[in-house]
Amino acid sequence: MTAGEGLHVTDHPRLTRLSEPRHPIGIVHFGPGAFFRAFGAIYTAEVLAGGGGDWGISAVSLQSPRAYDQLAPQGGLYTSVTLGDDGAEHNVVNAISECLLATENRQKVLARMADPAVKIISLTITEKGYCHAPSTRRLHLDHPDIDHDIRHPHAPRSAIGLIVEALARRRDAGMRPFSVLSCDNLPGNGPMMRDLTLEFAAIRDADLSAWIADEARFPATMVDRITPATTPADIDRLATNTGFRDEACVFHEPFRQWVIEDDFVDHQRPDWNHAGAQFVRDVTAHETMKLRCLNGTHSTLAYLGYLAGYETIAETVADPAFARLCQRLWSHEVIPTLTRPEGEDLNAYCDALLKRYRNDAIRHRTWQIAMDGSQKLPQRLLGTAMVARSRGLNVPGIALAVAGWMRYVGGIDEQGDTIDVRDPLATRLRSLSDSADQPAAKVNALLSVGEVFAPEIAEDREFTDAVRTAYSGLVSRGAKSMVAELAAGFAPSVQGERAG
Ligand code: CS2
């Protein structure tokens, strides 16, 4: 009998904290979901294991209790499973010293943030957690959470509201502020967070806003590790292998890359470089490369792959036409818009991406990546399109990807089945799509969504014509045929000629 055989999975004892040290807290993290547990928490755990200071993490769930319910009963411990060519490697991660649920214990969260031992508030709250309009990058003042926090500044519920209230408490107590470290896939995530924070703080108190502007720091970061949502089957599999039930476990690829702008309040930060992170003066080139090359093709594969009936990214790129579509996008549409970051070779970077996508131990669902497209498209695809167009390039691959998104948010797949579209604008997008009969009119209706399409791109006739043509093709011929047609015109051998 093999380990675990004959046992019902729920018979396995839950992973719990026994004698592991709880590191004193120096970081408050908002959004301890799978990505953070597979990424920032691991870098921090490695620094802590090397005796790198008091940087234990207080993991705060802002709204959904899911991550809290997974982590809190385990005292913040969980297993990270690295899925590479040589099988699976398991590690128990000890960086989270405390778990808090903001909806239940808002004042405790604020007190922790105002604790002088806390030097950094880090965030993985996804694009929509910033309560902004992605196309303008300004605060969305009508957002229900922002509206609430303007009216109740001392009991805030948004990340920005909590940060501003905690900074106000620190200023009033004569303390130093903290650094705010956004680790979400947004271009200029640090400066954007700074602008949103100052905009919100100014509504409440101009002096507070000026103090934050002078004293707080908002370093920008580029983060990268492919980490699908953990499934119940993953939890069962791990229990069978380890003998413990770990509701907070994460499964991820071996690759990881963290580039951080080295600009922290009083230089207070963990030596994440000891775990392989890069501290640099300016992360812009790295960030743009990653967002446009990786996230841009991820979203493309998500919409077109989903419509083609593929469940995961690995399944999608196993179709040679989809792999070639990625290569075409990189060489003809994305790389020409980039500045090469120091230490990177853009062609090699993209070749490595395709290998990462092909890792079929990682079951990254197209449906998962397709979520929240209205928040993702501007920085992943539309910004690239704008730069490429300004240089006189055509972007048929991006046009096809955008048409794929439009077809997806229309809510009906190629078999006539309903798509479970998850997006803060889902209802509006669906009704805009439904408001028109003809493909071209549906595209025009969706192009009117100002949070997604800046006027510069919505009014670009050549680009929008390409989107209308691609959309009609998706309706009449389907995603596989459209991808095959575009990929057929591309010979991967030209890769060597790509600008780098
Ligand atoms: C993905 C990202 O879900 C998504 O939208 O594109 O989470 C992606 O896996 C990461 O950015 C990789 O670092």
Side-chain angles (χ1 to χ4, degrees), residues 31-43 80 82-83 123-130 134 182-187 189 220-231 250-260 276-278 283 286-306 310-314 316-317 322 326 329-330 334 341 344 349-350 352-384 401 404-405 408-409 420-424 452:
F35 177 71
F36 175 68
R37 303 204 291 265
F39 190 76
I42 295 184
Y43 279 90
S80 115
T82 308
L83 297 168
L123 307 103
T124 48
I125 53 176
T126 80
E127 296 85 348
K128 61 177 178 281
Y130 292 80
S182 165
C183 300
D184 282 295
N185 285 315
L186 289 156
N189 49 14
T221 61
M222 180 269 244
V223 295
D224 188 9
R225 173 168 261 182
I226 292 176
T227 310
T230 305
T231 64
V250 281
F251 292 71
H252 52 78
E253 64 172 344
F255 181 91
R256 66 182 191 191
Q257 187 177 14
W258 196 6
V259 188
I260 308 165
Q278 289 162 261
V283 303
H286 283 97
E287 207 174 58
T288 314
M289 169 187 77
K290 192 262 171 169
L291 276 166
R292 293 189 185 164
C293 294
L294 191 158
N295 298 109
T297 51
H298 240 189
S299 289
T300 302
L301 294 169
Y303 298 115
L304 297 169
Y306 183 96
Y310 295 128
E311 201 187 334
T312 66
I313 291 294
T316 310
V317 293
F322 282 78
C326 291
L329 273 162
W330 288 321
V334 180
E344 294 285 352
Y349 180 81
C350 293
L353 280 182
L354 198 52
K355 289 205 185 79
R356 291 168 64 192
Y357 294 173
R358 288 197 161 118
N359 179 348
D360 60 7
I362 302 283
R363 292 194 49 78
H364 206 180
R365 294 176 70 195
T366 47
W367 175 81
Q368 188 193 342
I369 299 166
M371 266 184 222
D372 296 343
S374 68
Q375 315 293 301
K376 293 174 175 173
L377 245 53
Q379 60 275 13
R380 293 182 175 206
L381 291 164
L382 299 171
T384 318
W405 171 74
Y408 184 91
V409 299
D420 178 8
V421 178
R422 303 282 175 95
D423 192 297
V452 179

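For ligands, and for the atoms within them, numbers begin at 1 and follow the listed sequence. Throughout, numbering of the chain's residues begins at 1 and tracks the sequence.
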Once rounded to the nearest 0.5 Å, what's the spacing between atom OG of S182 and atom CD1 of I125? 7.0 Å
Kindly compute the distance separating NE2 (H298) from CZ (R356), expressed to the nearest 0.5 Å. 8.0 Å
From the list Q379, R292, R380, side-chain contact (heavy atoms from CB on, under 4.5 Å) with P187 holds only for Q379
Given Q368, K376, H364, which has its nearest heavy atom closest to atom 4 (C) of ligand 1? K376
What atoms of ligand 1 come within less than 4.0 Å of a heavy atom belonging to [X]?
X	result
K290	10 (C), 11 (O), 12 (C), 13 (O)
D224	12 (C), 13 (O)
H298	1 (C), 6 (O), 8 (C), 9 (O)

Among the heavy atoms of M371, does any lie under 4.0 Å from an atom of ligand 1? no
What's the shortest distance from atom 2 (C) of ligand 1 to any protein heavy atom, and which residue and atom give it? N295 ND2, 3.6 Å
Give the residue, atom name and distance (to 0.1 Å) of the protein heavy atom nearest atom 7 (O) of ligand 1. N185 ND2, 4.3 Å
Per ring-ring contact (aromatic ring centres under 6.0 Å, His included), Y306 is matched among F322, W405, Y408 by Y408
Report yes if some N/O of T227 lies less than 3.5 Å from some N/O of ligand 1; otherwise report no. no
K128 side-chain N/O to P424 backbone N/O, donor-acceptor pair under 3.5 Å: no
Do R256 and Y43 form a cation-pi contact, if we require the NZ or CZ to be under 6.0 Å from the six-membered ring centre and within 45 degrees of the ring's axis? yes
Ligand 1-proximal atoms of Q375, by part, heavy-atom distance under 4.0 Å: neither
Given D184 and T124, is the side-chain hydrogen bond (donor to acceptor under 3.5 Å, both in side chains) satisfied, shown in steps? CA-CA 5 Å; D184 282 295; T124 48; 5.5 Å; no
